[in-house]
Amino acid sequence: MSEKLKYSASERIAALLDDSSFVEIGAYVTARNTDFNLKEFETPKDGVLTGYGVIDGKLVYVYSQDASVLGGSIGEMHAKKIANLYNLAMKCGAPVIGLVDCAGLRLQEATDALTAFGRIFRKMTKASGVIPQITAIFGTCGGGTAMIPSLTDFTFMTAQNAKLFVNSPNALDGNYEGKVDTSAASYISENTGLVDAVCDTEAEVLSEIRELVGMLPSNNEDIAMVSCGDELNRTIPGIETMDAEGILTNIADDLKFVEVKKAYAKDVKIGFMRLNGATVGCVANADTTLSSAGLTKAAKFVNFCDAFSIPVLTLVNVKNFAATVEEEKTISAAAAALSFAYAQATVEQVTVIVGEAYGSAYITMNSKSLGADVVYAWPSAKIGMMDSKMAARIIYPDDIAAAEDKAAKEKEIAAKLDELQGSALAAARRGYVDDIIEPDATRKRVIAAFEMLATKQEEGPAKKHASL
């Protein structure tokens, strides 16, 4: 297919699915005349193509909105087609992919269209945690339609043409699009956490979706697994000098780490890799300070992985929570959300401490006490209440003050504190770390841990759902 800037609804489907695999459903559906129609319109397919096909042989259901038909707006029959697609996807246990290019509510149908919105939202809610839901935005996604990507698991946007908003930028007091385009892909991806990737072209978006679908299970009873051609015992020289992305990439089968929400809350990295062919969800500190946004981003990701039985690997290198007036408004609730996500998860969970692990921030990053099944630490890891120098100043202020060489005394006390209570060995002696592993052996040790945990079964107390 040509690399033109904007595809038609049918061209998007053709580019997304395996060649000639699309089977359309509801091709002859058009708008139904109601009392609200001011005048009649021709609405071929009622502005949305629906059907099913395969991505690398995996069944998926797809709807693609047609902006040439009343702007792709959602009316009664338009929504009925999407709802029917969800019914089939739920029965057959396959992902739903929505290709959005929509003017929003169809004004000509008034409350019929409003009811249609509600019907779609209900279907999406019922499907959440049962089948993966993916949205790609190629044009307008405004008003009530903006709830659609918020209800899905993953969302993609094109950099130029995609717009996502509840209220348009010009409708916001003191703002206009030229000042701050709050509907732009760049703004949404960097500030809201709703968007997993922004791509320059529609072809790139569709390619990213194909890759993601290949990583995910088809439903909550499926296992995402492929054959592994990589060496299971491959060592990784120099891994201890790498950043979070480098570590994740080098651990993964075939050096492939698929990051999501990369532009948002950059202190935390989340995404998927394969280990011995099995899909694993990854959470890693990219900064030693955890923000509210980073905590929330990680919590939602852990919840998704748990819903679809995807094991979770956590790499820890954290000192503290962000400390600002703005962060203080949200940091407690965000830290609780991530702690809750880890603690209630029943999937296999492995944690590797690759750097520092201090205080409540470390506990929140899936410590053994919170829920990790296996915890490893590199020999250089530091684990404790806080940095040993700071602890020395608090616990032994008089000794340091009385010393002739205060800096040397502080260093001496800090070294003793590290040895007694701040090292990986000290934590291992108390059972908080299961083993101290060499950094270059991280891949094979993590794979072995997940293999051992493969038959894990865990059930919580009987309840309808948590109150948080």
Side-chain angles (χ1 to χ4, degrees), residues 52 55 58-63 82-98 100 117-136 146-156 193-196 209 212-225 258 260-261 270-272 278-283 295-314 334 336-349 366 371 453-454 456-468:
Y52 62 92
I55 293 178
K58 180 183 289 188
L59 175 66
V60 295
Y61 290 84
V62 183
Y63 67 87
I82 296 175
N84 179 57
L85 198 73
Y86 266 92
N87 289 338
L88 289 169
M90 290 283 281
K91 290 175 184 177
C92 299
V96 172
I97 303 170
V100 175
F117 262 54
R119 186 177 294 119
I120 292 174
F121 299 156
R122 181 173 175 81
K123 293 294 182 184
M124 295 180 72
T125 301
K126 294 294 184 183
S128 181
V130 180
I131 55 174
Q133 301 177 69
I134 300 171
T135 298
M147 288 178 62
I148 290 176
S150 298
L151 288 169
T152 54
D153 300 306
F154 302 97
T155 299
F156 298 81
L194 288 177
V195 178
D196 292 277
I209 293 174
L212 179 60
V213 168
M215 280 281 188
L216 301 178
S218 291
N219 56 66
N220 63 341
E221 296 182 349
D222 186 28
I223 300 296
M225 172 76 75
V258 179
V260 294
K261 296 189 184 351
I270 59 173
F272 300 101
T279 295
V280 173
C282 308
V283 179
L295 289 158
T296 302
K297 167 178 160 178
K300 290 182 178 179
F301 183 74
V302 172
N303 285 335
F304 173 84
C305 290
D306 187 51
F308 288 94
S309 300
I310 299 172
V312 176
L313 169 65
T314 305
L338 181 55
S339 298
F340 183 91
Y342 276 127
Q344 64 86 39
T346 60
V347 293
E348 307 94 305
Q349 301 178 62
N366 209 21
L453 292 167
K456 174 186 173 181
Q457 292 184 340
E458 183 177 345
E459 293 184 5
K463 58 182 177 180
K464 187 174 180 180
H465 58 72
S467 59
L468 295 180

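- To the nearest 0.5 Å, atoms OG1 (Thr125) and CD1 (Ile120) are separated by 11.5 Å.
- The 12-atom threshold is exceeded at CD of Glu458, counting heavy atoms of other residues, nucleotides or ligands nearer than 6.0 Å.
- Contact of the Asp153 side chain with the Ile134 side chain is not registered, since no non-hydrogen atoms from C-beta on lie closer than 4.5 Å.
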Kindly list each side-chain donor-acceptor pair under 3.5 angstrom involving residues 84-96, sequence neighbours excluded, with atom names and distances?
{"from": "Tyr86", "atom 1": "OH", "to": "Gln133", "atom 2": "OE1", "distance (Å)": "2.7"}
{"from": "Asn87", "atom 1": "OD1", "to": "Lys123", "atom 2": "NZ", "distance (Å)": "2.7"}

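- Ring-plane geometry between Tyr52 and Tyr61 is classed as tilted, the angle between the planes lying from 30 to 60 degrees on a 0 to 90 degree scale.
- The environment of NZ in Lys456 is crowded: more than 12 heavy-atom neighbours from other residues, nucleotides or ligands sit within 6.0 Å.
- Here Met124 contributes atom CE and Ile131 contributes atom CD1; the two are 9.5 Å apart, rounded to the nearest 0.5 Å.
- Under the 4.5 Å side-chain criterion, counting only non-hydrogen atoms from C-beta, Ile55 is in contact with Ile97.
- The backbone N or O of Ser309 lies less than 3.5 Å from no partner atom in the side chain of Asn220, so there is not a single donor-acceptor pair.
- Of all the heavy atoms in Ala466 and Lys463, the pair that sits closest is CB-NZ, 4.2 Å.
- Heavy atoms only, all atoms of each residue included: Leu453 and Glu348 are closest at O-CG, 3.2 Å.
- Between Phe308 and Leu216 the shortest side-chain heavy-atom distance does not fall below 4.5 Å.
- Listed by chain and number, the residues in a side-chain hydrogen bond (donor to acceptor under 3.5 Å, both in side chains) with Tyr342 are Thr314 (sequence neighbours excluded).
- Contact annotation: the side chain of Val347 never approaches that of Ile310 to less than 4.5 Å [non-hydrogen atoms, C-beta and beyond].
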Passes side chain to side chain contact (heavy atoms under 4.5 Å, CB included), Leu295 versus Leu338? Steps please.
-> CA-CA 6 Å; Leu295 289 158; Leu338 181 55; 3.7 Å; yes
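- Between Leu151 and Ser128, the closest side-chain pair of non-hydrogen atoms is not below 4.5 Å.
- Interatomic distance, CD of Gln344 versus OG1 of Thr346, reported as 7.5 Å (0.5 Å rounding).
- Between the Lys58 side chain and the Val213 main chain, a donor and an acceptor come within less than 3.5 Å of each other.
- Scanning for side-chain hydrogen bond (donor to acceptor under 3.5 Å, both in side chains) contacts around Thr135 gives Thr152, with sequence neighbours left out.
- Pairing each heavy atom of Ala298 with each of Val283, the nearest pair is CB-CG1, 4.0 Å.
- Between Ile82 and Arg119 there is no side-chain heavy-atom pair separated by less than 4.5 Å.
- The aromatic rings of Phe117 and Phe121 sit perpendicular, their planes meeting at an angle over 60°, well past the 30° parallel limit.
- The shortest heavy-atom contact between Pro132 and Ser218 is CD-O, 3.2 Å.
- The nearest pair of heavy atoms linking Ala341 to Ala299 is CB-O, 3.7 Å.
- Residue Lys261 holds its NZ atom at 7.5 Å from NZ of Lys300, rounded to the nearest 0.5 Å.
- Formation of a donor-acceptor pair under 3.5 Å by the Asp196 side chain with backbone atoms of Val260 is not found in this model.
- Using cut-offs of 30° and 60° for the angle between ring planes, the Phe301 and Phe272 rings count as tilted.
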